[in-house]
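Here is the structure we will look at, set down as structure tokens.
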Amino acid sequence: MAVELDARQRELQSEFRAFAREQIAPRAAEFDRLEATPRQFLDGLADHGYLASQVPSEYGGRGLDAISYGLLHGEFGRACSSTRTLLTVHDMVAEVILKLGAKGLREAWLPALTAGEHLAAFALTEPEAGSDAAAIQTTALPSGNGYLLKGRKKWISFGQVADLFLVIARIGEDGSPGGFLVERETPGLMISPMKGLLGLRGSMLAELEFDRCHVAGESRIGPEKMPAGLVAGTALHLGRYGVAWGCVGIADNCMEASFRYSRERSQFGAPLEEHQLIQRKLANMVTDVRAARLLCLEAGRLRDTRDGEAIQGTLIAKYFASRMANRVAGDAVQIHGAKGLSDTWPIERHFRDARLMTIIEGSSEMQQIMIARHGGAEYRSPAPRSE
């Protein structure tokens with residue numbers, strides 16, 4: 001089914017693109033070089049309604065539909081993947097509170113998250129557990145009217161500045177994973193900055209250590225008998241969708257730059273765009289970007305209609321778009337030659353950022369496993385006998 005943008009979505013896309021071009025892109029290289037994004041800049045995103053923008057207006061959000069939300073990630077991805085990553089981790093926490101949190105938690109936290117009064121981060125990954133969320137070792141042991149958290153989280157995007165963490169921990173020594181809201185100043189929580197990442201350098205990663213960190217019972221997300229993995233799955237479903245659109249943004253920017261440069265640069269007496277090998281790369285870019293965008297639009301439609309295939313649609317979009325972004329960014333570096341290797345050009349940054357997209361919010365290998373399991377279900381029933 002073809003998906004076309006309506007008038008409102010086109011208007012929003014223009015808004016997002018103008019903001020990203022004017023306010024984000026000019027500072028993206030600075031954020032990358034400093035490996036930091038100023039808090040004042042992040043607060044400005046909230047002032048424009050770009051934090052937790054999928055949250056309904058009753059809690060202060062813009063109530064964006066899924067396709068409009070994807071367009072926001074696409075435009076921010078074109079400008080700066082580190083900035084877009086904040087939308088991912090912050091919004092994942094808001095999504096879980098909105099869908100699984102008790103009324104008191106929704107009323108206490110969602111207005112603060114949409115207003116940017118607090119920045120949030122999603123704490124799932126551990127030193128020995130990434131895509132395999134079931135292997136986490138952080139525990140939440142019942143203690144009085146709350147829980148004691150013990151363990152470590154690593155590679156937590158915007159963990160250096162987040163005020164609130166959604167921590168996924170195993171409830172009891174052998175229990176299933178659950179979610180807990182942990183404020184930054186909670187005793188027993190220690191935060192250590194991480195530097196030197198290949199890409200997304202402005203996303204201010206941190207390692208978290210919980211040493212008998214006590215949280216109140218009401219900070220737990222969801223009921224006692226909630227299905228295992230529901231909290232993490234709810235967050236990751238939104239996160240993967242945003243990453244997929246962000247990859248389209250990366251690739252679109254690289255493609256635009258490659259077309260422009262291939263017209264301006266001449267080799268062997270002719271513009272690059274007239275060389276067949278360059279034409280092949282450009283043709284592949286156009287095809288790949290368009291295919292990824294269509295998959296993202298379809299995933300958005302499935303989310304908006306609450307279709308049962310929404311999870312599978314998002315998995316496919318994230319898997320294809322993240323691999324596509326790597327191909328397009330790689331070809332863009334090749335077309336730009338030595339300039340594509342220089343940090344004075346954004347292509348080099350997009351190339352490094354794209355590489356991380358096949359790992360964050362579930363590796364490509366994990367996406368393949370889940371896509372195959374889900375997609376193969378319809379073929380497991382006996383085939384009808386032919387006459």
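We count residues from 1, following the sequence as given.
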Task: E207 with R152: basic N within carboxylate O range, under 4.0 Å - done: yes
- [ ] Would you give the length of the straight line joining atom CG of D211 to atom CE of M190, rounded to the nearest 0.5 angstrom?
- [x] 5.0 Å
Task: E128, CD atom: more than 12 neighbouring heavy atoms under 6.0 Å - done: no
Task: Side-chain heavy atoms of M285 within contact of D331, under 4.5 Å - done: yes
Open item on the list: Strictly distance-based, threshold 3.5 Å: is any side-chain N or O of D353 a donor or acceptor partner for the main-chain N or O of L200?
Closed with: yes
TODO: Give a yes or no on whether the ring-centroid distance for H214 and Y147 is below 6.0 angstrom.
DONE: no
Task: Side chain S363, main chain M366, donor-acceptor under 3.5 Å - done: yes
Task: Over 12 non-hydrogen atoms of neighbours within 6.0 angstrom of CH2 in W155 - done: no
Open item on the list: For a quick check under 3.5 Å, do S14 and R10 share a side-chain donor-acceptor pair by atom type?
Closed with: no
TODO: Verify whether one side chain among Q54 and D65 offers a donor that lies under 3.5 Å from an acceptor in the other.
DONE: no
TODO: Please check if any side-chain donor atom of R355 sits under 3.5 Å from a side-chain acceptor atom of T358, or the reverse.
DONE: yes
Task: Q40 atom CD, neighbour heavy-atom count above 12 within 6.0 Å - done: no
Open item on the list: To the nearest 0.5 Å, what is the distance between CD1 on I67 and CG on L72?
Closed with: 14.0 Å
Task: Electrostatic pair R293-E4, nearest N-O below 4.0 angstrom - done: no
Task: N-O pairing of R78 and D252 below 4.0 Å - done: yes
- [ ] For the pair E348 (side chain) and W345 (backbone), establish whether a donor and an acceptor sit closer than 3.5 Å, ignoring hydrogens and angles.
- [x] no
Open item on the list: Quick one, R17 with E75, criterion salt bridge (Lys or Arg N to Asp or Glu O under 4.0 Å). Give me CA distance, side-chain angles, the key distance, then yes/no.
Closed with: CA-CA 5 Å; R17 179 167 298 177; E75 297 304 329; 2.8 Å; yes
Open item on the list: Show, in sequence, the C-alpha distance, side-chain angles and deciding distance for L141 and K150, and conclude whether the side chain to side chain contact (heavy atoms under 4.5 Å, CB included) test is met.
Closed with: CA-CA 8 Å; L141 303 179; K150 185 174 181 58; over 6 Å; no
TODO: Answer yes or no: is there an ion pair linking E30 with R33, defined by an N-O contact shorter than 4.0 Å?
DONE: no
Open item on the list: Determine whether a donor-acceptor pair (N or O, by modelled atom type, separation under 3.5 Å) exists between the side chain of R240 and the backbone of E361.
Closed with: yes
TODO: Give, for atom SG of C247 and atom NE2 of H350, the distance between the pair rounded to the nearest 0.5 Å.
DONE: 12.0 Å
Open item on the list: Does any part of the side chain of F158, heavy atoms only, come nearer than 4.5 Å to the side chain of L42, both counted from C-beta?
Closed with: yes
Open item on the list: Within the 4.5 Å heavy-atom criterion, are H374 and I311 side-chain neighbours or not?
Closed with: no
Task: Nearest heavy atoms of A108 and A112, plus distance in Å - done: O-CB, 4.3 Å
- [ ] Could you tell me which non-hydrogen atom of S262 sits nearest to which non-hydrogen atom of L282, and how far apart they are?
- [x] OG-CD1, 3.8 Å
Task: Side-chain (S219) to main-chain (A216) donor-acceptor, under 3.5 angstrom - done: yes
Task: F351, CZ: over 12 other non-hydrogen atoms inside 6.0 angstrom - done: no
Open item on the list: Any side-chain to backbone donor/acceptor pair from T37 onto G202? Under 3.5 Å, distance only.
Closed with: yes
- [ ] Report yes if some heavy atom in the side chain of I97 is under 4.5 Å from a heavy atom in the side chain of L113; otherwise report no.
- [x] yes
Task: Ring center gap for Y50 and F76 short of 6.0 angstrom - done: yes
TODO: Check whether any side-chain heavy atom of R265 lies under 4.5 Å from a side-chain heavy atom of I335, and answer yes or no.
DONE: no
- [ ] Return yes if some donor-acceptor pair links the side-chain N/O of K318 with the main-chain N/O of G239 below 3.5 Å, else return no.
- [x] no
- [ ] Decide yes or no on salt bridge (Lys or Arg N to Asp or Glu O under 4.0 Å) for D288 and R327, but give the supporting numbers first.
- [x] CA-CA 9 Å; D288 271 350; R327 291 193 298 270; 3.0 Å; yes
Open item on the list: I need the minimum non-hydrogen distance between A169 and T139, along with the two atoms involved.
Closed with: CB-C, 4.1 Å
- [ ] Please confirm whether F41 and F31 have ring centers closer than 6.0 angstrom.
- [x] yes
Open item on the list: Looking at every non-hydrogen atom in both residues, tell me the closest pair between V328 and A251 and how far apart they are.
Closed with: CG1-O, 3.6 Å
- [ ] Measure centre to centre between the rings of Y69 and H73, then say whether the value is under 6.0 Å.
- [x] yes
Task: Euclidean distance, Q23 CD relative to T83 OG1, rounded to 0.5 Å - done: 11.5 Å
Open item on the list: Could you walk me through whether K154 and E126 satisfy the salt bridge (Lys or Arg N to Asp or Glu O under 4.0 Å) test, starting with their C-alpha distance in whole Å, then the side-chain angles of each, then the deciding distance to 0.1 Å, before giving a yes or no?
Closed with: CA-CA 5 Å; K154 200 169 185 179; E126 299 183 358; over 6 Å; no
TODO: Would you check if the side chain of R323 reaches a backbone N or O of S364 as a donor-acceptor pair within less than 3.5 Å?
DONE: no
- [ ] Inspect the surroundings of NZ in K195 and state if more than 12 heavy atoms from other residues, nucleotides or ligands are less than 6.0 Å away.
- [x] yes
- [ ] Evaluate side chain to side chain contact (heavy atoms under 4.5 Å, CB included) for M370 paired with Y319, printing each intermediate quantity in order.
- [x] CA-CA 10 Å; M370 293 187 288; Y319 172 66; over 6 Å; no
TODO: Show the numbers, then the answer: is there a side chain to side chain contact (heavy atoms under 4.5 Å, CB included) between W245 and L297?
DONE: CA-CA 9 Å; W245 272 104; L297 285 168; 3.8 Å; yes
Open item on the list: Could you measure the distance from the CE atom of M324 to the CG atom of N284? Nearest 0.5 Å is fine.
Closed with: 12.5 Å
Task: Flag side-chain contact, heavy atom, 4.5 Å: L166 against V89 - done: no
TODO: Ignoring hydrogens and angles, tell me if any N or O in the side chain of H336 forms a donor-acceptor pair with the backbone of A332 under 3.5 Å.
DONE: yes
TODO: Considering non-hydrogen atoms only, spot the tightest contact between I278 and L272 and give its length.
DONE: CB-O, 3.3 Å
TODO: Could you walk me through whether T138 and I168 pass side chain to side chain contact (heavy atoms under 4.5 Å, CB included), step by step?
DONE: CA-CA 8 Å; T138 298; I168 306 301; over 6 Å; no
- [ ] Show your working on salt bridge (Lys or Arg N to Asp or Glu O under 4.0 Å) between R62 and E15 and close with a plain yes or no.
- [x] CA-CA 14 Å; R62 298 183 68 168; E15 174 200 327; 3.0 Å; yes
Open item on the list: Tell me if a side-chain donor or acceptor on D307 pairs with a main-chain N or O of R303 at a distance below 3.5 Å.
Closed with: no
Open item on the list: Quick one, P111 and E117 - any side-chain contact, counting heavy atoms below 4.5 Å?
Closed with: no
Open item on the list: Taking the side chain as everything from C-beta on, heavy atoms only, tell me whether F122 gets closer than 4.5 Å to L236.
Closed with: yes
Task: Nearest heavy atoms of I371 and Q312, plus distance in Å - done: O-NE2, 3.3 Å
TODO: Look up atom NZ in K99 and atom OG1 in T234, then write down how far apart they are to the nearest 0.5 Å.
DONE: 7.0 Å
TODO: Decide, yes or no, whether a salt bridge links R39 with D163 under the criterion of side-chain N to carboxylate O below 4.0 Å.
DONE: yes
- [ ] Check whether the side chains of Y59 and R106 place a donor and an acceptor atom closer than 3.5 Å, and report yes or no.
- [x] yes
Open item on the list: Take a 6.0 Å sphere around CD of E58 and say whether it holds more than 12 heavy atoms from other residues, nucleotides or ligands.
Closed with: yes
